[in-house]
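Numbers for residues simply follow the sequence, beginning at 1. All of these numbers come straight from a predicted model, not from anything done at the bench.
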Amino acid sequence: MKRITTLLLILALGFQLKAQGLKELGQIPLDFTPDYIDFSPNDHYMVLEHDRQYQVWDVKSATKILEGEHAFTLGRYIKDLAVSTGSGYIMFENEQVFMTFDYQHNSTLVKAYSLIDGKSLWETDQLHMAISVTETILTAHGVQEGNLFEPGLNVKSNSNKFYTKDKFIDRLINYLPERQAITINGKNGLQLVDVKTGKLHWIQKAVSGGIGELLYDTKTKRMLAIQVPNSEGAIDQLASKQEVLALDAGTGKLLWRVEYSGTYQPGFASVIGNTLVLPYLELTFIDVETGEEIQGDIKTRTQAAKTTTKVLGNIMAIDRAVHGSEEAQGSNKYNRLIPRKLHFNSDGKLCYFTTFNEEGQLGTGMKKGYLIIDIHKDKVEKEEYGILGNQWTVVQDEMVDGLFYVKASGNLNRTMITALDAKTGEVVFETKKASNSADITKLFNPFMVSNGRIVDIVSQGIYIHDAKTGEELSYTRTKDLGIGRVKYSEFYANGILLFGTKGLAIIDFEGNHLASVATKSLLDVIATKEEVWVLENKTFTRIHSKNGDVLETNILPKTEHVFLSPSGNTIANFSTSNMQLSIKQQG
């Protein structure tokens, strides 16, 4: 969504902001109008950006740390256009370093500055990120509709205080806080660079292509890199190998590499003891020391599925080469289902729901089963079969408070949720079959378990179930909300926000419809325990979060710009009339 662009947000919220304890930190005169203001994860710093200009400020002291110009148009300005040049930045809060990148086909200029005093630390034009010509055929900076059910937040940006807004940078650069270094996927290979000094520790020429994520094993001091194509472009998809690689973090020596097929999803590879667990090929256990797939139950029983997945992956890559990138087209054709997660019971055993055939091969066939797996022994300790009939297809699983939940879609466009005892695999309950709930032409809304409730949003309505018994507590038809077809959904502290083609609806966790707001040009929505703020191009509305009362609606002028931090603790208001930036922050 676009950033907030109005002074009246400040005026309308003056009392509310004061009541929440926000205090004025200062008035800052500016010599340019920022189109974006980004806040660091802990609100210590903010970055003001125009098309080619940027400034970095210390929020608490309201002082400017540094300023400069980008050589190329910012990546996020490009949006639906496809180019392979751009400028962006990374902020490293732990090391207090701000780094800019001006990149194009065959060269990249990197500059690093201190966030303490703004002084230049180092710069180089030798760290080529190898932005390929094939980037020109994809929508690299496309903005897709958000859905908080999906893993939308970048794990690196949050846990490691590595903050960037640029998709190229996010794919081609990875941050290792344990080494205070970054890896850059350059045309000469994978490079490890010290964040503070710019020292090039090593280059591993055998590693090329994008790195989706890095896992760092502190015991062995090795890096486990999940390699993905440089881009979603067709040629990159066909030419690149998807591999898992192990490298010595100190020397860059390649220790082993394992090829994989299947759709990569960030954040789902895990190291359990000495075993690397990969959900990409149904399920794979890799010995961290040797890189060899562990000989056991899982390898034996998933071999057929892995062969099928590899063939399917090649077909999908060819299809992209012919018809273009699915990401560029904004299609969900190959990504309708929820990525697999790893769930463990209280005994530390992996709980896994999968399909199998008559020979017991996992990941293929029509039968369904629940497995409890000892990863260290690579042994299936318990199997429960016949939980779902052949007509049901699993679309999501979750585990909460000792129950393993499986959502499946069946014939006649229906879905249902089955709950199993995580230790025994016994069925605890099944929800009734929800009709008209699995329309694959629309975005799939997963269920969520929260506050002892299962919230299941389907194409025709919202079901609320008791999480322990499965009892249906309420059902709300989406057509009764007055917001048109539901496009996507978000959870907040007190309930659910439903974004439709004609407006926004708010319901609580009991299924009570609190409020609906008609919208035509929705720019931003902020939901807290106290209020929901709905910003459109010309109006701003405040709604009470608990009872749904509309507190006020205001017409918005166009002369002011307001920016909120993701944490909700800081607000910046820029006035074009006097070129002043006002910063307020929670006390």
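- Partners of N274 under the side chain to side chain donor-acceptor pair (under 3.5 Å) rule, at least two apart in sequence or in another chain, do not exist in this structure.
- When the ring-ring contact (aromatic ring centres under 6.0 Å, His included) test is applied to Y370, the partners found at least two apart in sequence or on another chain are F404.
- In terms of the salt bridge (Lys or Arg N to Asp or Glu O under 4.0 Å) criterion, D549 has no residue partners (sequence neighbours excluded).
- The salt bridge (Lys or Arg N to Asp or Glu O under 4.0 Å) check on E471 picks up nothing, with sequence neighbours excluded.
- For E383, the salt bridge (Lys or Arg N to Asp or Glu O under 4.0 Å) partners are R301, not counting sequence neighbours.
- Residues meeting the side chain to side chain donor-acceptor pair (under 3.5 Å) test with E292, sequence neighbours left out: none.
- In N547, the CG atom is crowded: over 12 heavy atoms of neighbouring residues, nucleotides or ligands sit closer than 6.0 Å.
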Distance-only criterion, 3.5 Å: show the donor-acceptor pairs between side-chain atoms of residues 492-503 and protein atoms not counting sequence neighbours.
{"unit_1": "Y492", "atom_1": "OH", "unit_2": "S545", "atom_2": "O", "d": "3.2"}
{"unit_1": "N494", "atom_1": "ND2", "unit_2": "K529", "atom_2": "O", "d": "2.8"}
{"unit_1": "T501", "atom_1": "OG1", "unit_2": "R485", "atom_2": "N", "d": "3.1"}

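- Taking E289 as the reference, T220, R222, D287 meet the side-chain contact (heavy atoms from CB on, under 4.5 Å) condition, with sequence neighbours excluded.
- In this view, T476 and I462, L481 satisfy the side-chain contact (heavy atoms from CB on, under 4.5 Å) rule, not counting sequence neighbours.
- Listed by chain and number, the residues in a side chain to side chain donor-acceptor pair (under 3.5 Å) with S450 amount to none (sequence neighbours excluded).
- Using a 4.5 Å heavy-atom cutoff, the side chains of V534 and V532 are in contact.
- Taken to the nearest 0.5 Å, the NZ atom of K368 stands 10.5 Å off from the OG1 atom of T354.
- In this structure, OH on Y463 lies 6.0 Å from CD on E472, to the nearest 0.5 angstrom.
- With sequence neighbours excluded, the residues forming a salt bridge (Lys or Arg N to Asp or Glu O under 4.0 Å) with D347 are K423, listed by chain and number.
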Discussion item. Pair D456, H465 - check side-chain hydrogen bond (donor to acceptor under 3.5 Å, both in side chains), show working.
Written reply: CA-CA 8 Å; D456 187 24; H465 300 274; 5.2 Å; no

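- The salt bridge (Lys or Arg N to Asp or Glu O under 4.0 Å) analysis of residues 508-517, with sequence neighbours excluded, yields the pairs R453-E510.
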